[in-house]
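Chain identifiers are assigned alphabetically (A, B, ...) following the order of the sequence lines, protein sequences preceding nucleic acid strands; residue numbering begins at 1 within each chain.
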Amino acid sequence: MEPTQRYDFRAIERAWQQRWHDADLFALPPVDDPREKFYYLDMFPYPSGNLHMGHLRNYTIGDVVARYQTMRGRAVLHPMGWDAFGLPAENAAIKHHTHPDPWTRTCIQEMHRQLDMLGISFNWDREVNTSAPDYYHWTQWLFLQFYAAGHVTRSDALVNWCTSCQTVLANEQVMADGTCERCDQEVIKKRLEQWFYKTTDYAQRLLDDLDGLTEWPEQVRTMQRNWIGRSEGVEFAWHVAESDITFRVFTTRVDTVFGVTYMALAPEHPLLETLIADRPEADDVRAFVRHVLAADQFARASADAPKEGVFTGAYATHPLTGAPVPIWVANYVMMDYGTGAIMAVPAHDERDFAFATQYNLPIPAVIVPEGETAESLALPYIGDGFQANSGQFDGLPNQEAMVRIAEWMEGEGLGERTVNFRLRDWCLSRQRYWGCPIPIIYCEQCGTVPVPDDQLPVRLPTDVEFTGHENPLATSPTFQHVDCPRCGAAARRETDTMDTFVDSSWYFLRFASQPPDAAFARAEIDRWLPVDQYVGGIEHATMHLIYARYFTKVLYDLGLIGVTEPFARLFTQGMVTKAAWWAAAEKRWYTEPEQLAADGLHTPGGAPVERQVAKMSKSIGNVVAPEGICEAYGADTGRCYILFIGPPNAEAEWQDDGVVGIHRWLTRVWRLTLPRAASYLPAWREVLASAKLDAEQRALRQKLHQTIARLSADIEDFGFNTAIAALMELVNAAAPFAADRLAAGAEADRAVFSELAETLALLLSPFAPHLADEIWAATGHEGSTYQAAWPVSDPALARRERLTIVVQVNGKVRDKLEVDAGAPEETIRAAALASERVQSFMDGKTPRKVVYVPGRLVNIVV
RNA sequence: GCCGGAGUGGUGGAAUGGUAGACACGCUUGACUCAAAAUCAAGUGCACUCCCGUGCGUGUCGGUUCGAGUCCGACCUCCGGCACCA
């Protein structure tokens with residue numbers, strides 16, 4: 001065949017990408033653009049240098065929505081950038097003895113190239129690189145705004161510390177056996193002074209405002225509610241007998257207070273040393289505390305860790321009964337939740353029950369459900385019931401007693417009702433090089449001094465070594481030494497950098513506005529925010545999305561922006577997975593069925609394999625790169641296939657076999673339209689307005705207008721897989737029409753075909769934009785489909801003329817009737833009853849009831 | 001353990017409470033070809049079948065309804081999140 005006689009996707013895609021680029025088609029909408037705004041945002045990637053299928057899925061979804069909204073007449077902001085700080089660049093620097101900055105820039109270039117290959121309509125004029133000084137300047141400035149307003153604090157926190165590498169490790173760098181990922185040496189928990197954003201101050205608002213995020217997936221809202229973990233209870237004081245020491249405890253079950261048989265303190269409790277100072281038990285207690293703190297803190301925090309404790313020798317006085325209650329130290333009490341001390345009620349708490357059983361402490365029941373007695377009740381009992389052994393509150397339903405006891409305690413001045421959150425303050429310090437430097441200076445005279453605005457940004461120094469040992473910033477000969485901005489004396493710079501989640505907590509603002517001399521300009525923020533549609537992976541449901549919401553609320557409170565929530569509508573796309581076969585005996589993965597024995601159940605060596613569907617990863621080797629698909633089949637095929645693979649919020653299993661189906665379809669689209677461009681009739685509207693069409697012509701127009709309606713609805717509902725199926729149906733219907741009738745050249749046929757070809761180009765535009773523009777040009781249009789208006793379905797044309805009515809007898813389909821769309825109900829009912837086939841299934845019985853569903857079915861009940 | 005979500009042909013998947021399996025992959029048959037690829041046409045849930053049909057069928061068991069993949073209850077399995085949170 002001639003080159004022009006086949007679907008040459010390479011030439012088409014290259015040519016159109018060049019034309020889009022030359023025309024600056026995806027430029028940012030101008031400031032005075034009168035169109036309604038639409039801010040579409042994809043979660044920006046870490047620039048690893050390799051685009052993977054998850055990116056393809058995310059950014060293709062985004063491009064469909066952005067192109068659709070543009071064609072619908074919106075001014076669309078569709079930016080892209082790089083979440084470029086982070087460990088991989090630093091690890092690469094250690095490995096290759098280079099610097100993270102050039103390495104990162106190379107990766108960015110490479111990924112930018114791969115994204116361009118997909119033909120995505122990004123507004124590159126708003127590109128952002130979080131590791132560039134013109135970005136992290138403002139990350140620092142925002143930190144100082146937060147600092148000045150009291151949203152930043154400094155305190156101790158436990159970190160993973162590799163004794164060999166002399167550095168802090170992220171949780172995922174600590175192996176399951178508690179060793180360092182890089183050097184295999186032991187990792188310990190170490191306390192370090194760290195910077196925190198005070199997210200807990202916003203816990204209640206972060207929780208409350210979830211109710212307003214009605215366009216978010218319920219799953220994400222639930223996950224955030226659990227993460228914030230609000231619980232209501234009572235915090236009250238216990239006095240230690242024969243001393244003036246007082247402990248405060250928090251409980252959500254103050255109704256069980258009469259069941260307390262011991263108290264338990266966290267080993268880290270600050271009053272513990274005072275409590276045991278002069279007691280004979282002191283040495284035992286100290287030994288126990290050392291034992292607990294030496295153990296792996298992750299293991300200690302797991303629910304199935306064994307419960308251990310030691311008696312302190314001290315007693316507290318029960319505030320209601322006056323009874324002496326022994327005070328223990330227990331490993332299962334955590335210092336960082338509540339007050340670090342608990343009242344233990346073994347009869348009504350599983351943990352306390354396990355502990356009391358082990359150490360032979362009494363377990364009296366004080367809440368008894370109907371039909372049980374305090375003696376017969378199986379313990380521990382967590383549910384509701386009536387108060388027992390509870391003094392003046394005996395017999396009350398426990399929910400009521402909860403309120404009465406709390407009120408009584410408040411009246412006596414013992415304590416008060418409070419709220420506790422699981423959410424912690426956000427530790428933002430990282431003892432790492434490749435992150436945003438924290439703009440703080442420590443001066444012996446002036447203390448902690450923020451870097452003045454005119455000295456920002458605090459730049460990352462380049463005179464550093466990447467050895468894998470210690471924080472490189474601390475090894476720079478120049479970085480730490482600085483004059484105090486207040487008194488001018490020699491001072492020391494903070495060497496910690498920020499968690500990369502800080503960078504991504506405000507990038508959506510920087511996309512909307514990037515003046516040279518400020519973080520953002522208020523007018524542009526007011527124009528674009530909130531983000532109308534945000535799309536990314538479910539793995540960011542809690543951390544990133546909570547941090548970004550927190551930042552937005554603080555910035556609102558500081559008067560810097562006018563919205564309290566950043567993302568109006570959220571969509572979480574599913575992972576892209578691929579099957580692989582694990583051969584346990586050989587300890588290796590097989591990634592292609594052809595590598596296996598003929599039965600598919602064994603390796604060529606005879607070892608059994610287990611089929612698993614897993615996220616694409618280098619370690620398994622089941623990675624399929626979008627670039628390879630684009631080279632073999634084209635970007636349009638890659639884009640359509642990743643959408644067609646399944647519902648976008650669900651996990652999708654990649655199957656190479658499916659790609660050819662999409663490619664065949666696009667080839668059929670090409671064959672339907674491009675070689676027939678000569679049949680195109682620019683004046684098809686006039687011809688169709690006056691022509692009398694036959695049944696086949698009307699049927700094709702009907703299918704076309706039905707497809708327009710389906711596609712619009714599907715795109716708005718993120719039903720991209722069914723949208724493509726609808727386009728396939730349209731092409732399936734059009735192909736025989738074009739083949740059978742177009743050659744004769746009748747004007748009406750050409751007009752029907754012209755409407756189809758032109759509209760098909762527009763409908764295809766968000767999905768396969770290169771081929772769409774090729775068809776658009778071949779039908780005599782200037783420019784790109786991106787600049788054209790989305791088609792509108794004519795309901796009169798889409799309406800079905802004849803209907804198929806299903807006739808059921810007792811709910812089973814027995815016959816089908818073809819009727820005119822306007823046929824009256826009585827006619828249809830009569831026809832259904834008259835049907836011979838229906839009669840034969842009625843066994844001569846008379847209908848008890850006849851149900852008629854307009855336009856759909858008749859059900860005869862006998 | 002708690003909180004979410006999902007179970008439909010050989011495969012990916014589709015179905016406002018109203019014809020279950022759209023669309024696609026794969027497979028079968030045919031056309032074209034010396035042949036193959038590509039393309040086109042027909043078929044393809046399972047079982048029985050006088051090839052007209054009939055029965056069964058959406059993880060399991062029950063329920064609501066004229067009618068349930070869809071709604072309700074219980075259970076099973078898988079996936080995700082959280083987990084000594086007092």
Engineer: Can you figure out which of U39(B), C82(B), U19(B) approaches the side chain of Trp227(A) most closely?
Structural biologist: C82(B)
Engineer: Could Arg741(A) and Glu696(A) be called an ion pair, given the rule that one side-chain N must be under 4.0 Å from one carboxylate O?
Structural biologist: yes
Engineer: So which nucleotide from C56(B), C40(B), C3(B) ends up closest to the side chain of Asn226(A)?
Structural biologist: C3(B)
Engineer: Is the shortest side-chain heavy-atom distance between Arg710(A) and Glu729(A) below 4.5 Å?
Structural biologist: yes
Engineer: For RNA chain B, which consecutive runs of 3 or more Watson-Crick or G-U pairs (each distance under 3.5 Å) count as stems?
Structural biologist: B:1-7 with B:76-82, B:10-12 with B:23-25, B:26-31 with B:39-44, B:45-48 with B:53-56, B:59-63 with B:71-75
Engineer: Taking the six-membered ring for Trp and the single ring otherwise, decide whether the centroids of Trp426(A) and Phe196(A) are under 6.0 Å apart.
Structural biologist: no
Engineer: What's the base orientation of G30(B): syn (chi within 90° of 0) or anti?
Structural biologist: anti
Engineer: Glu350(A) near the nucleic acid: base, sugar-phosphate alone, or nothing, with a heavy-atom cut-off under 4.0 Å?
Structural biologist: nothing
Engineer: Base, sugar-phosphate alone, or nothing: which one does Arg814(A) contact when heavy atoms must sit under 4.0 Å apart?
Structural biologist: sugar-phosphate
Engineer: Using a cut-off of strictly less than 4.0 Å between a heavy atom of the residue and any atom of RNA chain B, enumerate the qualifying residues of residues 714-728 of chain A by number.
Structural biologist: Asn721(A), Thr722(A), Ala725(A), Met728(A)
Engineer: Would you tabulate the pairs of protein nitrogen or oxygen atoms and nucleotide nitrogen or oxygen atoms of nucleotides 6-11 of chain B closer than 3.5 angstrom?
Structural biologist:
from	atom 1	to	atom 2	distance (Å)
U11(B)	O2'	Gln655(A)	OE1	3.3
U11(B)	O2'	Gln655(A)	NE2	3.1

Engineer: Base of C40(B), side chain of Arg671(A) - is there a donor-acceptor contact under 3.5 Å?
Structural biologist: no
Engineer: Taking the nucleotide of RNA chain B with the closest heavy atom to each, which residue, Asn859(A) or Met223(A), is nearer the 5' end?
Structural biologist: Asn859(A)
Engineer: May I ask you to evaluate whether Arg856(A) reaches the phosphate of G67(B), defined as a side-chain N or O under 4.0 Å from OP1 or OP2?
Structural biologist: no
Engineer: If only side-chain N and O atoms of Arg351(A) are considered, is one of them under 4.0 Å from the OP1 or OP2 phosphate oxygen of C85(B)?
Structural biologist: yes
Engineer: Does OP1 or OP2 of C25(B) have a side-chain N or O of Arg664(A) closer than 4.0 Å?
Structural biologist: yes
Engineer: Could you tell me whether Phe421(A) contacts a base, only the sugar-phosphate backbone, or nothing, with contacts defined as non-hydrogen atoms closer than 4.0 Å?
Structural biologist: nothing
Engineer: Check every atom of A86(B), C82(B), U19(B) against the side chain of Lys816(A) and return the nucleotide holding the closest atom.
Structural biologist: U19(B)
